[in-house]
Amino acid sequence: MPQPIAIIDCNNFYASCEQALDPAIAGRPVVVLSNNDGVIIALSNEAKALGIEKFTPVFKVKHLLTQHDVKICSANFRLYAYKSQQIMNLLGKFSPEVEAYSIDEAFVNLSGFSRFNLTDYAKEIREDIINKTGIPTTIGIAPTKTLAKIANRIGKKQFGYSVGVLDIYSDGNTEKYLKMTDIGDVWGVGRRYKKMLNGFNIHTAYDFAQAPDHWIRKRMSVVGLRTAWELRGMPCIDMKYEQPAKKMIMFSRSFGKKLKNKEDLVEAVALFTARAAERMRSQGSAAKYISVYLSTSRYAEKKYYEKCEMRLPVPTDATCEILSHTLKAVNECFEEGILYYKAGVLLSGLQPANNTQTSFLDTVDRYKMSRVTEAVDRINMKSGTDTVIYAAMGTKNEWKQNQNHKSQNFIDSDKLTIDIKRSVGFL
DNA sequence: TCTGGGGTCCTAGGACCC
DNA sequence: TCTGGGGTCCTAGGACCC
């Protein structure tokens, strides 16, 4: 007998965080912008009601925003991470088995609680969260994660259901919910697969669950097959109670304005390198591959994209060593006369730093280097990010992003656990 | 003028080794 | 006509997620 799995999903999370922080905008339309204030990444219900959609570039709806006096917020990920952690901690009081799935979602195993009325229990959870954090949530309950996602979606859309909670675990009428779910709204089915499935006359989650296993396996691999089984009520996707170490770490940003000087790009890439390396060290990994790219805007008339990849003889976690490679890469990728808009640093082939294969040909004094790196990390942890910086990061910051509408930065980063810092990546 | 930033998993094919 | 077989590592590409 499968166990009841709940998914707790925060409604309009980033926008709700801004509203929770500033009572003056509760009940008002609010939009949250991406890094660099380019597109809308979250909307309050009031903003959705104006017909604005997620991922719309700001300039396209400027008139609506002005006309309806919409509150505009630059993304404030520190705030969102802090709220997220509060919520995860609260969930821990309701079940010992919580999987923090993303910044605004958690799966919770309710198997110990099936003797209770699950809907009532979920309502208690919701109330506790909104009372203590100000964030509204929706809870879906089902025998599998994929079905719980469906319950959550339907619960969110239909207020006829017990407000904010839909339990299809106890309800026993899964078929009805599968029939009312479009195949493209199923967790694990994206745009491509939706199109392909529609071509075979599969339009709902129910249709998909009826398809033969070998057919699904052939066209959608084991991943698709797992989804089908989950829809049939057979759990195939395990709960993950511990965050596994990341296998690659990317730090990329678009710039606040276009850059044409190599020195400015060097500063940006140096900072991206430092950030990526910090994140990597926070999970105790070292990188075997380093890759750097420079590019123009996707919308530029004259497009340019150049990537430089390197394989290291010995994996490293030291910022200064990684820097020497990424800066060389900038030199190789750079071309005169291009208006650069974006750059990124990718560290991959990650492995445990304390267990790296060394080489006889290695000429680097690794002990000395790790002492330096540790000291820099320690100071920055204690006294704030960038108290000590590497010279290449510079101080001009020509690339700095626009953040013209940022809410108060009141949160002490010491209050956040390493895990949360890592998940939003601002260590 | 202004257009997101991260990640994961799976598969297939080639190189290389014994 | 026959053309080893199995294992691992690596890469690239395609799909997905929030």
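The figures here come from the full heavy-atom set of this structure, side chains too, leaving out hydrogens, waters and symmetry mates. Below, chains carry the letters A, B, ... as their sequence lines are ordered, and counting in each starts from 1.
For the pair A/L43 CG and B/dG4 P, the interatomic distance rounds to 15 Å; values are reported in whole Å. Atoms CG (A/D185) and P (C/dC16) sit 13 Å apart, rounded to a whole Å.
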Point to revise | Pairing annotation in dot-bracket form, given for DNA chain C with Watson-Crick or G-U pairs under 3.5 Å and | for cross-strand partners | key: ....||||||||||||||
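Distances shown here put a side-chain N or O of A/Y289 below 4.0 Å from the OP1 or OP2 atom of C/dT11. One finds no side-chain N or O of A/K194 lying less than 4.0 angstrom from the OP1 or OP2 phosphate oxygen of C/dA15. Proximity of A/K307 to the phosphate of C/dA12: no side-chain N or O atom is located under 4.0 Å from OP1 or OP2.
Annotation: cation-pi pair A/R253/A/F251 present, NZ/CZ under 6.0 Å from the ring centroid and within 45° of its normal.
With distances taken from any side-chain atom of A/R226 to the nucleotides B/dC9, C/dC16, C/dC10, the minimum falls on B/dC9. Side-chain proximity of A/K246 to B/dC9, B/dG7, C/dA15: nearest is B/dG7.
For A/E335 and A/Y340, the side-chain atoms include no donor-acceptor pair closer than 3.5 Å. For the residue pair A/K48/A/N12, the side-chain donor-acceptor check at 3.5 Å is satisfied. Side-chain N/O atoms of A/E321 and A/T316 include a donor and acceptor closer than 3.5 Å. Inspection of the A/S285 and A/Q283 side chains reveals an N or O donor paired with an N or O acceptor under 3.5 Å.
Between A/R232 and A/E230 there is no salt bridge, since no side-chain nitrogen of the basic residue lies less than 4.0 Å from a carboxylate oxygen of the acidic one. The pair A/K149-A/E105 meets the salt-bridge criterion, since a charged nitrogen lies less than 4.0 angstrom from a carboxylate oxygen. One finds a salt bridge joining A/K194 and A/D182 here, because a Lys/Arg side-chain nitrogen approaches an Asp/Glu carboxylate oxygen to under 4.0 Å.
Within residues 258-272 of chain A, the residues that have a heavy atom under 4.0 Å from DNA chain B are, in order of number, A/K258. Within residues 215-223 of chain A, the residues that place at least one heavy atom under 4.0 Å from DNA chain B are, in residue-number order, A/R217, A/S221, A/V222, A/V223.
Side-chain atoms of A/D22 never come within 3.5 Å of backbone atoms of A/E18 as a donor-acceptor pair (strictly under, hydrogens ignored). Within the 3.5 Å criterion, the main-chain N or O of A/E263 finds no donor-acceptor partner in the side chain of A/N261.
To the nearest 0.5 Å, atoms CZ (A/F272) and NZ (A/K342) are separated by 9.5 Å.
B/dC16 and C/dC2 have their C1' atoms separated by 25 Å, given to the nearest Å.
If you check every strand for non-hydrogen atoms under 4.0 Å, A/K195 touches nothing.
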